Amino acid sequence: MDTLTDVLHNIRSSGALVGRTLAVPPWSARFDGGASLTLATMLRGDARLVAGCARHSLLPNDVALVVGPEPFEIVSEPVARPVSYSESGPEPGQAAHAAPIGEGSGIRNVRTDGTRLSDRRCRTQLESDHTLLTGSFHVSGRVADRLLDALPRVLVVPRRAQRSSVLPLLEEEIGRDEPGRQAVLDRLLDLALVGALRDWFALPGSQAPGWYRAGSDPVVGIALAAIHDAPEQPWTIELLAREALVSRATLARRFTDQVGEPPMSYLTGWRLCRAADLLDSETMTVETIAHEVGYSNAYALSAAFHREYGVRPGQYRHGQRSEGS
């Protein structure tokens with residue numbers, strides 16, 4: 001299994017908020033729903049995404065990913081007054097109320113029903129409408145953090161650099177009222193996320209994480225795949241080198257140069273990330289988790305876990321459940 005696939009298994013949309021917003025300039029929408037990751041694209045018209053002091057241009061069909069729960073805005077022009085767009089709006093299947101945002105203009109936030117604007121001013125100016133499509137992911141866990149921590153606050157994939165065509169399918173599905181629609185939207189949003197990440201990593205000058213770049217290396221990629229395919233195996237530098245058909249010294253040097261840490265350090269970090277996420281399970285004992293991620297017993301896992309995170313597995317599990325209650 002390649003590393004990105006393994007990481008993305010822990011970042012999947014489920015009942016995700018997918019919205020299509022139709023507006024007449026000037027308009028501004030503020031996103032403060034606290035999502036871990038937000039995908040945004042202008043299906044029609046262009047805009048600017050404002051996150052802190054940074055501004056990013058969004059041309060039609062450019063895809064932006066915004067990392068972290070901090071608020072951000074998407075605006076048609078700098079002077080537009082922001083209108084909050086959060087999860088505290090109407091229930092799915094109901095259109096949000098029209099909200100004036102500028103002289104002679106309006107905006108309507110739309111959930112998964114795809115209802116079009118009913119505001120008469122907007123209907124008469126349909127040709128100048130802007131269409132914003134957004135999708136949010138609420139993810140947590142140490143494995144997901146390995147990806148999110150490696151990304152900038154905002155990344156933008158220009159339309160010309162995109163190699164998939166998921167966006168039209170997303171917009172079409174939003175407008176449907178059929179059984180299974182949410183499941184389809186979740187899967188399409190997953191595809192849009194994976195496509196955007198791969199396309200951004202492939203852009204010249206993008207700072208892809210070392211574990212992603214190293215996945216295509218004929219030596220390091222084999223060692224990474226072995227670790228991710230079977231973290232429970234009693235891997236040593238010698239066994240990983242055998243998998244890659246190189247000497248231990250060659251693997252250690254090449255792995256460290258490309259990934260940024262030695263093979264055994266990476267293996268330990270990955271095992272403990274997996275263990276931390278498995279502790280969310282109410283049915284798996286610490287002993288079971290230890291064997292699942294490659295430790296001989298609960299005591300060995302507990303010692304390594306404490307060195308990494310400063311708490312024992314049981315304390316970590318209790319803290320996670322307290323946060324979720």
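Just so it is clear, the structure is predicted and the values come from calculations on it, not from any experiment. Counting begins at 1 with the first residue of the sequence.
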Nearest heavy-atom neighbours spanning A64 and L58: CB-CD2, 3.8 Å

Any W270 side-chain heavy atom under 4.5 Å of I227 side chain: yes

CD-CG distance between Q233 and L240, expressed to the nearest 0.5 angstrom: 10.5 Å

Polar side-chain atom of S265 near backbone of P262 as donor-acceptor pair, under 3.5 Å: no

Worked verdict on Q162 versus L167 for side-chain contact (heavy atoms from CB on, under 4.5 Å): CA-CA 11 Å; Q162 296 169 27; L167 298 180; 4.3 Å; yes

Check: V154 and F72 side chains under 4.5 Å, non-hydrogen atoms: no

Heavy-atom closest contact (A214 atom, V259 atom, distance): CB-CG2, 3.8 Å

Derivation and outcome, side-chain contact (heavy atoms from CB on, under 4.5 Å), residues D62 and T41: CA-CA 6 Å; D62 288 353; T41 182; 5.5 Å; no

Side-chain H-bond candidate by donor/acceptor type, S247 with T250, under 3.5 Å: yes

Pairs involving residues 231-243, ordered by first then second residue, that meet salt bridge (Lys or Arg N to Asp or Glu O under 4.0 Å) (sequence neighbours left out): E238-R242

Set of side-chain hydrogen bond (donor to acceptor under 3.5 Å, both in side chains) partners for T256, sequence neighbours left out: none

For R160, all residues meeting side-chain hydrogen bond (donor to acceptor under 3.5 Å, both in side chains), sequence neighbours excluded: none

Cut-off 3.5 Å, no hydrogens considered: what does the side-chain donor-acceptor table look like for residues 202-211, sequence neighbours left out?
unit_1	atom_1	unit_2	atom_2	d
S206	OG	W200	O	2.9
S206	OG	F201	O	3.0
S206	OG	L203	O	3.0

Rounded distance (nearest 0.5 Å) linking atom OG of S296 with atom CG of L301: 9.5 Å

Trace of the side-chain contact (heavy atoms from CB on, under 4.5 Å) decision for L39 with V63: CA-CA 7 Å; L39 182 146; V63 173; 4.0 Å; yes

Donor-acceptor contact present, side-chain R153 to main-chain A54, <3.5 Å: no

V219 reachable from L239 in the ILVMFWY side-chain graph, under 4.5 Å edges: yes

For A192 against L170, the heavy-atom pair lying closest together: CB-CD1, 4.2 Å

L43 side chain reached by L132 side chain, heavy atoms, under 4.5 Å: no

N/O donor-acceptor pair under 3.5 Å between R317 side chain and L279 backbone: yes

Pairwise side-chain contact, L59 with P158, heavy-atom cut-off 4.5 Å (strictly under): no

N/O donor-acceptor pair under 3.5 Å between T288 side chain and M284 backbone: no

P218 side chain reached by R254 side chain, heavy atoms, under 4.5 Å: yes

Interatomic spacing from CD in E70 to CZ in F31 - rounded to 0.5 Å: 15.0 Å

Stepwise salt bridge (Lys or Arg N to Asp or Glu O under 4.0 Å) check, E173 with R176: CA-CA 5 Å; E173 191 64 30; R176 289 180 175 169; 3.1 Å; yes

Main-chain N/O of H138 paired to S36 side chain as donor or acceptor, under 3.5 Å: no

Parallel, tilted or perpendicular: ring planes of H228 versus Y266, cut at 30 and 60 degrees: tilted

V293-V311 co-clustered via ILVMFWY side chain contacts under 4.5 Å: yes

Student check: side-chain heavy atoms of F137 and D190 closer than 4.5 Å: yes

Any side-chain heavy-atom pair of I74 and R48 under 4.5 Å: no

Those residues that, when tested against Q258, pass side-chain hydrogen bond (donor to acceptor under 3.5 Å, both in side chains) (two or more places apart): D217

Whether over 12 other heavy atoms sit under 6.0 Å from D177 CG: no

Results of side-chain hydrogen bond (donor to acceptor under 3.5 Å, both in side chains) for R248 - residues two or more places apart only: none

Cationic N near anionic O, under 4.0 Å, E171 to R20: yes

W235/R271 under side-chain contact (heavy atoms from CB on, under 4.5 Å): CA gap, chis, key distance, verdict: CA-CA 11 Å; W235 293 114; R271 284 172 167 171; 4.3 Å; yes

Nearest-0.5 Å distance that lies between atom OG1 in T285 and atom CG in L278: 11.0 Å

Gap between atom OG1 of T236 and atom CE of M264 - 0.5 Å precision: 6.5 Å

Donor-acceptor contact below 3.5 Å, side chain R274 vs main chain I289: no

R146, CZ atom: more than 12 neighbouring heavy atoms under 6.0 Å: yes

Geometric cation-pi criterion R142 and Y309, 6.0 Å radius, 45° cone: yes

Cluster check F255, I222: I/L/V/M/F/W/Y, side chain < 4.5 angstrom: no

Rounded distance [0.5 Å steps], CH2 in W27 versus NE2 in H130: 7.5 Å

Within-4.5 Å side-chain heavy-atom neighbours: L37 and V66: no

Single-linkage hydrophobic cluster, 4.5 Å side-chain cutoff, L191 and V157 together: yes

